[in-house]
Q: 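Sharing a structure, written as structure tokens. Questions coming.
Everything quoted here is computed from the prediction, not taken from an experiment. Naming convention: chains lettered A, B, ... in sequence-line order (proteins, then strands); numbering from 1 in each chain.
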There are 2 protein chains.
Amino acid sequence: MVSTPRARGNRGRQPAKPIIRLWFKCENLQRIGAFKARGAFHAIERLKQDPSFTESGGMEKGVVGFSAGNHAQALALAAKESGIPAYIVMPDITRPNKIAATKRYGANVIVCPRFERETTAANIVAEKGARLVPPFNHPDVILGQATAGLELQEQADNLNAIIAPCSGGGLLAGTALSCEGTSIRVFGAEPEFEGADDGRRGFLTGERVTSVNTNTIADGLIGVVGEIPWSVIYERMLVDGMFAVSEEQILEATRLILERLKMVVEPAAAVTLAVALYNEEFRQMVEKEAGEKGWDLGLILSGGNVSADGLAKLFG
Amino acid sequence: MVSTPRARGNRGRQPAKPIIRLWFKCENLQRIGAFKARGAFHAIERLKQDPSFTESGGMEKGVVGFSAGNHAQALALAAKESGIPAYIVMPDITRPNKIAATKRYGANVIVCPRFERETTAANIVAEKGARLVPPFNHPDVILGQATAGLELQEQADNLNAIIAPCSGGGLLAGTALSCEGTSIRVFGAEPEFEGADDGRRGFLTGERVTSVNTNTIADGLIGVVGEIPWSVIYERMLVDGMFAVSEEQILEATRLILERLKMVVEPAAAVTLAVALYNEEFRQMVEKEAGEKGWDLGLILSGGNVSADGLAKLFG
């Protein structure tokens with residue numbers, strides 16, 4: 001079908017030839033272009049049902065988020081639709097079009113130095129009495145992301161497994177919770193470049209990795225797994241395995257999704273397909289476990305927020 | 001919303017501000033990535049019902065097409081699914097990935113010098129007794145393309161108008177036929193670069209333009225309107241108007257579709273959106289006719305067969 005980037009870890013064995021039927025959950029078509037809308041909307045809905053928020057004037061005092069990316073727009077939109085003021089703290093490295101998009105959703109955008117996001121957000125919380133809605137390390141946000149997995153299970157019957165990308169871990173933890181009590185196995189996908197596979201490394205050692213500095217092309221996946229997602233992913237053992245892929249494999253999977261699915265996705269979304277197509281460890285496992293029946297495998301395409309210029313840089 | 005390429009023909013007037021609700025018919029998600037599958041499948045089905053084809057051994061002798069683009073793959077696929085041999089003549093300027101894709105559909109590909117396509121095809125017809133299925137200048141092909149318009153009318157209620165791209169005119173003529181007897185108005189969209197607006201120019205003078213040589217970025221639209229499409233578009237007056245847009249406007253519309261719809265489309269598809277957003281003549285007309293109620297406007301996104309490398313060239 002395509003020239004396959006060399007599978008890794010194949011030490012002389014024949015490459016596995018698992019039978020896999022792919023089901024794509026297209027979160028690039030979600031509002032704001034990524035799954036993050038789910039967590040933000042759910043967190044806002046929960047706040048509106050929380051007397052400690054509403055009775056203290058929370059609807060007027062508003063919410064605070066910090067993000068250079070999709071969570072910013074997601075929270076801005078969710079707050080706007082409920083008539084709640086939103087304060088979005090964005091680091092000064094944020095691309096101007098993301099700042100503009102967040103402002104278009106009616107948010108108050110506060111630009112701050114890169115490493116002062118959390119303190120800036122904390123100051124606004126103190127000053128305005130607004131409530132912090134974190135990007136992933138919060139149960140309501142995780143449960144919101146879980147709806148992607150629930151929908152996928154309704155839309156694709158008889159899934160054997162789902163792969164979700166893993167950065168802060170909100171989507172992966174939510175997906176795992178959505179499959180709890182079913183026979184569906186859940187796996188996480190990460191870039192391996194410059195240690196971006198913090199989730200996989202933590203999974204292997206049993207200890208959560210708390211810092212990473214990577215410039216992977218999957219720039220939506222540079223975060224480290226948060227404590228609460230980690231408790232779902234690892235401690236509760238709701239995720240069956242973590243797999244990492246190379247930059248070349250991510251790029252090739254992104255290309256396939258663009259050219260064959262005609263879908264614009266950011267490279268972070270394509271890590272799931274890259275694992276399914278190119279990660280030899282994953283493929284050996286599926287071949288062994290699925291046999292001739294094969295697997296129905298859900299892949300969560302987490303988002304499509306890449307600009308045309310960004311695509312040109314990736315493939316130019 | 002976005003920086004708008006300067007509207008043309010606006011001689012001092014205020015730009016029109018029509019109210020338009022857009023409905024996209026995503027033929028980029030069609031099999032082989034473009035509407036051409038419709039015409040090819042319909043033509044093959046009709047052949048299978050034609051005793052002059054079947055009783056002369058047509059199912060074994062096969063079909064012949066000439067195309068550097070989407071018709072090649074469409075005919076190859078349609079023939080394959082009916083178990084009919086296909087001979088596809090492709091000019092030597094065809095990109096290798098298109099030749100490879102056509103071969104993957106099981107066709108016999110014959111590469112010939114650029115200007116010998118038709119004679120090469122005619123030779124195969126004579127030699128093999130195979131039947132020619134032309135890319136647009138054939139009633140069955142046009143009626144196949146018409147199903148895109150029929151589906152769009154079922155999917156989007158109460159359309160006021162549809163814009164389709166116009167190259168050889170098969171899609172535009174089919175769309176017009178699909179709207180015959182309804183109140184839905186049909187318009188054609190073309191690039192204006194280097195005379196690629198042959199349909200519009202013919203429409204204005206009443207005489208079909210029979211040759212064009214253009215290097216527009218909308219490389220799916222370099223053909224001239226064929227005789228049979230012309231008879232539908234102009235002589236039967238089933239198309240209400242033709243509009244042309246600049247290269248800059250096509251590029252900006254392509255960018256919007258990529259970034260906002262998260263859909264990969266080739267520039268030829270984006271001419272429809274470019275007319276709706278940037279053609280001042282069109283917009284003045286809609287503003288005047290639609291008033292405050294606005295229009296529900298269908299746009300046929302004709303195809304998505306552009307490679308990642310091609311996108312990089314467009315936006316790099």
Q: Quick check on the structure: residues of residues 262-270 of chain B within a heavy-atom distance below 4.5 Å of chain A, by number.
A: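 From residues 262-270 of chain B, the residues near chain A are B/K262, B/M263, B/V264.
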
Q: If you tally heavy-atom pairs under 4.5 Å against chain B, which of A/G310, A/G304, A/A312 wins?
A: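 The candidate making the most pairs under 4.5 Å is A/A312.
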
Q: Does the A/E259 side chain pair with the main chain of B/V306, one donor and one acceptor, at a distance under 3.5 Å?
A: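 Answer holds: no.
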
Q: Among A/A308, A/G316, A/A100, who wins on heavy-atom pairs under 4.5 Å with chain B?
A: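 If we count pairs closer than 4.5 Å to chain B, A/A308 comes out on top.
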
Q: Quick one: which residues of residues 26-44 of chain A reach chain B at under 4.5 angstrom, heavy atoms only?
A: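 Answer by number: A/N28, A/L29, A/G33.
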
Q: If you measure from CG on A/L311 to CG on B/L314, what distance do you get to the nearest 0.5 Å?
A: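 Between A/L311 CG and B/L314 CG, I get 11.0 Å after rounding to 0.5 Å.
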
